[in-house]
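Here is the structure we will look at.
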Amino acid sequence: ATSGLVLVQLAGLLLRLGGFAQFRLRSWLAIFLATFVIQGLLWLIPHRGWDAWVAGWDPHYIYLPMVMASLQLNLYAALVPQARFLILLVWFVATLFMAGLAGFREVVLLSTVMTGGYLAVLNQLIAQRVPISLAFEHTFALAFLISSVYAGVVFESLRRDRLEMQTLRRRLGEMAHTEPLPGLSHPRQFEWL
């Protein structure tokens, strides 16, 4: 995930070097460093066992990293407004990290957070007098949300398939170790002892 966020930032830098975008290099560097700090903290949370405090509301550790990815992507959109449409498309790539774990609700909720951040960036750009067609931007944001609903349906199917596969593996393991009629341990089980 970190490499994807870094690639987005490097693409913004290439746009600036090519003369297609203008922003202060200091701002870019600050966001670039913030990416490593945020991603480092997100990596430390499960690797140090700190994820126990989010396990109640984020058992698969999806929400916190994705909300932070949304924040970071929207920061990039604010820095490089010319790339804001690409950044929304990058969000769909980011959601692939949730495949099999997230369902409809998670995908739609997190994509709504991303869209809210995108609309906040638009308001900031309008305040800075960046020429923006609000009708087009709102239509694009709506299309993004509709696409997210469809993606949510697909992700729900993947999540259900994953859960069904887990159940089948567990049952297969039980069947390998027990006799079907009495439910006692299979005689081959004792050969291992």
Side-chain angles (χ1 to χ4, degrees), residues 1-12 15 21 31-32 34-43 45-46 51 53-128 130 132-165:
T2 304
S3 60
L5 293 170
V6 169
L7 285 174
V8 169
Q9 286 186 288
L10 291 176
L15 286 173
I31 292 174
F32 190 74
T35 296
F36 283 101
V37 170
I38 291 168
Q39 292 301 306
L41 288 172
L42 290 172
W43 182 84
I45 288 172
D51 54 340
W53 65 273
V54 298
W57 56 272
D58 194 1
H60 296 295
Y61 194 54
I62 292 172
Y63 288 112
L64 185 60
M66 291 303 288
V67 167
M68 295 310 293
S70 170
L71 172 71
Q72 291 174 282
L73 288 171
N74 280 305
L75 279 174
Y76 306 158
L79 181 68
V80 188
Q82 297 82 0
R84 64 188 178 276
F85 305 118
L86 295 174
I87 288 171
L88 274 183
L89 295 176
V90 167
W91 175 256
F92 285 117
V93 175
T95 59
L96 292 176
F97 286 96
M98 302 186 305
L101 298 174
F104 179 82
R105 180 185 52 204
E106 292 86 359
V107 171
V108 172
L109 177 65
L110 290 167
S111 294
T112 302
V113 168
M114 180 65 186
T115 305
Y118 179 77
L119 294 174
V121 167
L122 289 179
N123 285 334
Q124 177 196 5
L125 295 174
I126 290 168
Q128 295 173 358
V130 173
I132 289 177
S133 166
L134 274 180
F136 175 77
E137 296 287 347
H138 287 148
T139 303
F140 192 78
L142 180 62
F144 173 78
L145 273 178
I146 291 170
S147 299
S148 296
V149 168
Y150 178 73
V153 170
V154 172
F155 273 63
E156 183 64 31
S157 176
L158 290 172
R159 186 186 67 81
R160 286 185 181 163
D161 287 349
R162 180 181 155 271
L163 293 174
E164 183 180 336
M165 189 66 72

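What you see is a predicted model, and the numbers here were worked out from it, not measured in a lab.
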Nearest-0.5 Å distance that lies between atom [atom1] in [X] and atom [atom2] in [Y]:
X: Gln72; Y: Met68; atom1: CD; atom2: CE; value: 6.0 Å
X: Leu122; Y: Arg84; atom1: CG; atom2: CZ; value: 6.5 Å
X: Leu64; Y: Trp53; atom1: CG; atom2: CH2; value: 5.5 Å
X: Leu73; Y: Leu89; atom1: CG; atom2: CG; value: 11.0 Å
X: Ile132; Y: Leu125; atom1: CD1; atom2: CG; value: 4.5 Å
X: Leu7; Y: Thr2; atom1: CG; atom2: OG1; value: 11.0 Å

Nearest heavy atoms of [X] and [Y], plus distance in Å:
X: Ser147; Y: Phe92; answer: CB-CZ, 3.6 Å
X: Val107; Y: Ala102; answer: CG2-CB, 4.3 Å
X: Ala141; Y: Thr115; answer: CB-CG2, 4.0 Å
X: Phe104; Y: Val149; answer: CE1-O, 3.6 Å
X: Ala83; Y: Leu15; answer: CB-CD1, 3.9 Å

Contact between [X] and [Y] at the side-chain level, heavy atoms closer than 4.5 Å - yes or no?
X: Ile38; Y: Leu5; value: no
X: Leu119; Y: His138; value: yes
X: Thr35; Y: Phe32; value: no
X: Leu101; Y: Arg162; value: yes
X: Ile87; Y: Met114; value: yes
X: Pro65; Y: Asp58; value: yes
X: Tyr118; Y: Phe140; value: yes

So, are Arg160 and Glu156 salt-bridged, with charged N and O less than 4.0 Å apart?
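Yes, charged N to carboxylate O under 4.0 Å.
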May I ask you to say whether Arg159 pairs ionically with Glu106, meaning some side-chain N is under 4.0 Å from a carboxylate O?
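No, no charged N to carboxylate O under 4.0 Å.
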Phe136 and Phe85 aromatic ring geometry - parallel, tilted or perpendicular at 30°/60° bounds
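Taking Phe136 first and then Phe85, their aromatic rings stand perpendicular (interplane angle over 60°).
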Closer than 3.5 angstrom, by distance alone: can the side chain of Ser70 be matched with the main-chain N or O of Met66 as a donor-acceptor pair?
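Pair absent, no side-chain N/O of Ser70 close to backbone of Met66.
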Polar side-chain atom of Tyr61 near backbone of Val54 as donor-acceptor pair, under 3.5 Å
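No; judged by distance alone, with no hydrogens or angles, the pair does not exist.
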Given side chain to side chain contact (heavy atoms under 4.5 Å, CB included), test Leu109 with Tyr63 step by step and report yes or no.
CA-CA 9 Å; Leu109 177 65; Tyr63 288 112; 3.8 Å; yes
Please assess Leu110 against Thr95 for the test side chain to side chain contact (heavy atoms under 4.5 Å, CB included), listing each intermediate value before the final yes or no.
CA-CA 9 Å; Leu110 290 167; Thr95 59; over 6 Å; no
